[in-house]
Amino acid sequence: MLVWDNEAGVGRGRLTSEFAAFAGLLAVRVHLCRPRDPEAKGVVERANGYLATSFLPGRTFTGPDDFNNQLTA
């Protein structure tokens, strides 16, 4: 599942047809955060913060599968 903030390129309230097609290609669900919902935004920001400060530094990846394997290990 992709959790996305309220962005025009992705959709405001509902997905744009282009982004819906992209999500379908990836076979993932998309959760759009509601406007003015700080709790949902915090979940997104905490996940981004973890990746940027705790997970990514010092690691190397050979590709998307390697990234996912390391993330879920």
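Numbering starts at 1 and runs along the sequence shown.
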inquiry  = Using the salt bridge (charged side-chain N to carboxylate O under 4.0 Å, His left out) criterion, which residues pair with Arg34? Sequence neighbours excluded.
reply    =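 Per chain and number, Arg34 pairs via salt bridge (charged side-chain N to carboxylate O under 4.0 Å, His left out) with Asp37.
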
request  = Show which residues join Phe19 in its hydrophobic cluster (side-chain heavy-atom contacts under 4.5 Å, direct or indirect), or state none.
outcome  =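 Taking Ile, Leu, Val, Met, Phe, Trp and Tyr as members, Phe19 shares its hydrophobic cluster with Leu2, Trp4, Val10, Leu15, Phe22, Leu26, Val28, Val30, Leu32.
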
query = Sequence neighbours excluded, which residues qualify as side-chain hydrogen bond (donor to acceptor under 3.5 Å, both in side chains) partners of Gln70?
reply =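 side-chain hydrogen bond (donor to acceptor under 3.5 Å, both in side chains) list for Gln70, sorted by chain: Arg59, Asp66.
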
task = Would you mind reporting whether Asn69 and Phe61 have side-chain heavy atoms less than 4.5 Å apart?
result =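 No, their side chains stay 4.5 Å or more apart.
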
inquiry  = For Val3 versus Cys33, what's the shortest heavy-atom pair and its separation?
reply    = CG1-SG, 3.7 Å

